[in-house]
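What follows is a short report on a single structure.
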Amino acid sequence: MKLGIVGLPNVGKTTLFNALTHAQAAATTYAFTSAESNRGVVAVPDPRLDGLHEVLETPRKVNATIDLVDIAGLAEGASRGEGLGNRFLADIRGVDAVAHVVRTFHNPEVAHVSERLDPRDDVDLVETELVLSDAELVERRLDKTRKAARGGDKAAQRELEVLEALHASLLEGALARQFARAVEDEPLFRELALVSDRPVLFVLNIDDDQQAATALADHASFVEWARGRGDQVVAVAARLEAELADLEPEEAAEFRAELGADEAGTLDVVLRACYEVLGYITFFTGDFRSSESRAWQLPRGWTAKQAAGRIHSDIEHGFVRAQVVRVDDLIELGSFHAAREKALLRTEGKDYVVQDGDVINFMHTG
């Protein structure tokens, strides 16, 4: 899973990146001073994996991870190459989802691209540039498709119909992901890799002394608008979280309690929201014979056979059956044997739809 952190200059993208990765990338206070995208990998905390590792006594545990790209700040005119627009648009095409950081914190020492803090205006500015960039890309594709369609190519004629409707929608200001499409057209959209076709998580970057719940209430109209179109919204004090990330867990917890910072504004909440945006779940592998307990990411709705392919293609191809138990049950009972005696360890076939929190042992040939 690759997540792109985007937003206007000086909204706290790099600070959030630092908090998530402990990478200490340089944060700046003036627009266009971060010319390179920062990249890092963050392990997704999961107490269930910790419990599984302890119960199974495996030599090591392996968390699921998210690849992060802190993409250079976007500005008005980026679709025409202004500022760092070309780099921004190239980087964002390579991510699976977008964490759009929106500034709500007050700091006169950190310049803002506009005279006032207005989350909706800032989002509109960024998304306008994304849509304009997509419109230009679709227009170039249209020129090529029209030539093939005039030659009688049936597939090209169908593509032309879709692209013309899509281009008109983009010119009206709609995001690519808001464009209704048929299932058979999905390969075309994957090939286009439109930047406004990515699922979005809005991250309100709030003041250090503000509660996340209070911030969301203060910006209720923005939250309602975003969630109304299917987007997730969280609030986090990125600068505070970046400072806490440098502390030992116990020390950070004490400091958080002293400040009265609520759990709703923690980095774990941001990471869980990333999963929700992408529609991902977590399943686990490991038993007493394994060298590790591991958490795996999986799109919601995937089957046991597809989950086997996450581990290795040979396991998917040789899939016979899966032994499945809920992670909470396994941790409580302490062993697969006990789970079997309680009839909580069950056998599932290749079409079983994996559920979040399943622990799976795959039986396979080869």
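Every value quoted in this text rests on a predicted model; they were computed, and no experiment measured them. All values below were derived from every heavy atom in this structure, side-chain atoms included, with hydrogens, water molecules and symmetry-related copies excluded.
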Mind checking whether [X] and [Y] have side chains closer than 4.5 Å, heavy atoms only?
X	Y	value
Leu171	Leu132	no
Gln323	Leu345	yes
Val123	Val102	yes
Val234	Leu204	no
His364	Asp314	no
Glu136	Ser133	no
Leu194	Leu166	yes
Pro299	Arg310	yes

ask   = Partners of Ser169 by side-chain contact (heavy atoms from CB on, under 4.5 Å), sequence neighbours excluded?
value = Ala174, Phe179
message = List the residues meeting side-chain contact (heavy atoms from CB on, under 4.5 Å) with His317, not counting sequence neighbours, and say none if there are none.
response = Ser313
Report yes or no: does [X] contribute a side-chain atom to a donor-acceptor pair with the main-chain N or O of [Y] at less than 3.5 Å?
X	Y	value
Gln306	Thr303	yes
Arg294	Gly286	no
Ser196	Ala176	yes
Thr21	Phe17	yes
Gln297	Thr65	yes

Would you indicate whether [X], at its atom [atom1], is surrounded by more than 12 heavy atoms from other residues, nucleotides or ligands within a distance under 6.0 Å?
X	atom1	result
Arg321	CZ	no
Glu248	CD	no
Glu54	CD	no
Glu184	CD	yes

Kindly give the heavy-atom pair with the smallest separation between [X] and [Y], and that separation in Å.
X	Y	result
Ile66	Leu3	CG2-CB, 3.9 Å
Ala238	Asn205	N-OD1, 3.1 Å
Phe362	Ile315	CB-CG2, 3.9 Å
Ala235	Ala212	O-CB, 3.6 Å
Leu163	Val138	O-CG1, 3.8 Å
Ala182	Arg158	CB-NH2, 3.9 Å

What distance do [X] atom [atom1] and [Y] atom [atom2] have between them, rounded to the nearest 0.5 Å?
X	Y	atom1	atom2	value
Leu344	Asp329	CG	CG	5.0 Å
Lys61	Phe284	NZ	CZ	11.0 Å
Asp153	Thr145	CG	OG1	9.5 Å
Asp197	Asp134	CG	CG	7.5 Å

ask   = Who passes ring pair (Phe, Tyr, Trp, His ring centres under 6.0 Å) against Phe222, sequence neighbours left out?
value = Phe202, Trp225
Under 4.5 Å between side-chain heavy atoms, hopping through other hydrophobics if needed: is there a path connecting [X] to [Y]?
X	Y	answer
Phe283	Val44	no
Leu137	Ile71	no
Val269	Ile5	yes
Leu49	Ile311	no
Val270	Ile206	yes

Lys/Arg-Asp/Glu bridge criterion (N-O < 4.0 Å) met for [X], [Y]:
X	Y	value
Arg272	Glu276	no
Asp231	Arg177	yes
Asp124	Arg120	yes

message = Before you tell me yes or no, could you show the steps for Leu298 and Tyr280 under side chain to side chain contact (heavy atoms under 4.5 Å, CB included), namely the whole-Å CA-CA distance, both residues' side-chain angles and the distance that decides it to 0.1 Å?
response = CA-CA 5 Å; Leu298 191 73; Tyr280 273 48; over 6 Å; no
inquiry  = Tell me every residue that passes salt bridge (charged side-chain N to carboxylate O under 4.0 Å, His left out) with Glu191, counting only those two or more places apart in sequence or in another chain.
reply    = Arg141
request  = Examine the side chains of Asp218 and Gln210 and answer whether a donor and an acceptor come within less than 3.5 Å of each other.
outcome  = yes
task = Establish, from distance only, whether the side-chain atoms of Thr58 and Glu292 form a donor-acceptor pair under 3.5 Å.
result = no
Check residues 348-360 and write down every donor-acceptor pair under 3.5 Å in which the side-chain atom is one partner and the other belongs to a residue at least two apart or another chain.
unit_1: Glu348; atom_1: OE2; unit_2: Arg346; atom_2: NE; d: 2.7
unit_1: Tyr352; atom_1: OH; unit_2: Arg346; atom_2: NH2; d: 2.7
unit_1: Tyr352; atom_1: OH; unit_2: Asp358; atom_2: OD2; d: 2.7
unit_1: Gln355; atom_1: NE2; unit_2: Val353; atom_2: O; d: 3.0
unit_1: Asp356; atom_1: OD1; unit_2: Thr282; atom_2: N; d: 2.8
unit_1: Asp356; atom_1: OD2; unit_2: Arg48; atom_2: NH1; d: 3.0
unit_1: Asp358; atom_1: OD1; unit_2: Arg326; atom_2: NH1; d: 2.9
unit_1: Asp358; atom_1: OD2; unit_2: Gln355; atom_2: N; d: 2.9

ask   = Does the side chain to side chain contact (heavy atoms under 4.5 Å, CB included) test come out yes or no for Leu330 and Leu52, once each step is laid out?
value = CA-CA 8 Å; Leu330 183 55; Leu52 183 67; 3.5 Å; yes
request  = For the pair Leu160 and Arg146, evaluate side chain to side chain contact (heavy atoms under 4.5 Å, CB included) and give the outcome as yes or no after the intermediate values.
outcome  = CA-CA 6 Å; Leu160 178 62; Arg146 286 193 182 101; 3.5 Å; yes
key: side chain to side chain contact (heavy atoms under 4.5 Å, CB included) between Val126 and Leu8, worked out   = CA-CA 7 Å; Val126 171; Leu8 294 173; 3.7 Å; yes
remark   = The salt bridge (Lys or Arg N to Asp or Glu O under 4.0 Å) partner of Arg239 among Asp246, Asp208, Asp207 is Asp208
request  = Give me the one residue out of Val223, Val200, Leu201 that meets side chain to side chain contact (heavy atoms under 4.5 Å, CB included) with Val233.
outcome  = Val223
Pairs where residues 331-340 contributes a residue and the test side chain to side chain donor-acceptor pair (under 3.5 Å) is met, not counting sequence neighbours = His337-Glu341
